Amino acid sequence: MQKEKRSYFLPDKLVAAFDKEADRLGYVREKVVAASIAHFMRSSPDARARMFEELNKVVSGRAK
C-alpha cells in the first residue's frame with residue numbers, strides 16, 4: 001500500500017508575517033525553520049497529527 005504524500009503551499013501573507021516577526025525579534029529565518037523541524041521530529045505521532053491539522057486550518061483559511 002502506498003502512503004499519501006502531503007504537500008502544503010503556504011499563503012504569501014503567512015510567509016510575509018513569519019519573515020516580519022522573525023526579523024522584528026532578531027531571529028535568523030533558517031534557524032527558526034530548523035528549530036521548528038527539530039521540534040516536529042521529536043514530537044509524538046499524535047502531536048504531529050495535531051500540527052498537520054492546525055496547518056491545514058491555516059492554509060485553508062478556516063483558522064480562527
Side-chain angles (χ1 to χ4, degrees):
M1 178 160 58
Q2 194 174 18
K3 289 190 175 187
E4 176 183 335
K5 291 184 179 181
R6 294 183 185 203
S7 178
Y8 293 97
F9 297 97
L10 298 177
D12 290 336
K13 195 175 190 179
L14 180 63
V15 174
F18 170 78
D19 285 341
K20 182 179 177 183
E21 195 66 16
D23 190 43
R24 182 180 72 82
L25 295 171
Y27 295 131
V28 177
R29 179 181 180 182
E30 290 79 8
K31 289 186 178 186
V32 174
V33 172
S36 300
I37 292 170
H39 174 72
F40 176 81
M41 296 303 291
R42 286 190 302 261
S43 63
S44 69
D46 292 333
R48 289 181 189 182
R50 283 192 306 274
M51 289 179 202
F52 277 121
E53 289 169 6
E54 289 298 318
L55 179 61
N56 190 41
K57 287 178 187 176
V58 170
V59 170
S60 65
R62 290 178 292 184
K64 299 287 180 197

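Owing to the predicted nature of the structure, the values given are computational and were not obtained by experimental measurement.
A salt bridge links E54 with K57: at least one charged nitrogen is closer than 4.0 Å to a carboxylate oxygen.
Distance check, rounded to the nearest 0.5 Å: CZ of R48 to CD of E53 gives 14.5 Å. Separating the CZ atom in R42 from the CD1 atom in I37 is a distance of 11.5 Å, to the nearest 0.5 Å.
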Next on the checklist: Using the rule given for side-chain contact (heavy atoms from CB on, under 4.5 Å), can you reason through E21 versus Y27, listing the C-alpha separation, both sets of side-chain angles and the distance that settles it, and then say yes or no?
Outcome noted: CA-CA 9 Å; E21 195 66 16; Y27 295 131; over 6 Å; no
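Note: the hydrophobic cluster containing V28 does not contain V15 (ILVMFWY, side chain heavy atoms under 4.5 Å, direct or indirect links).
Centroid-to-centroid, the aromatic rings of F40 and F52 come within less than 6.0 Å.
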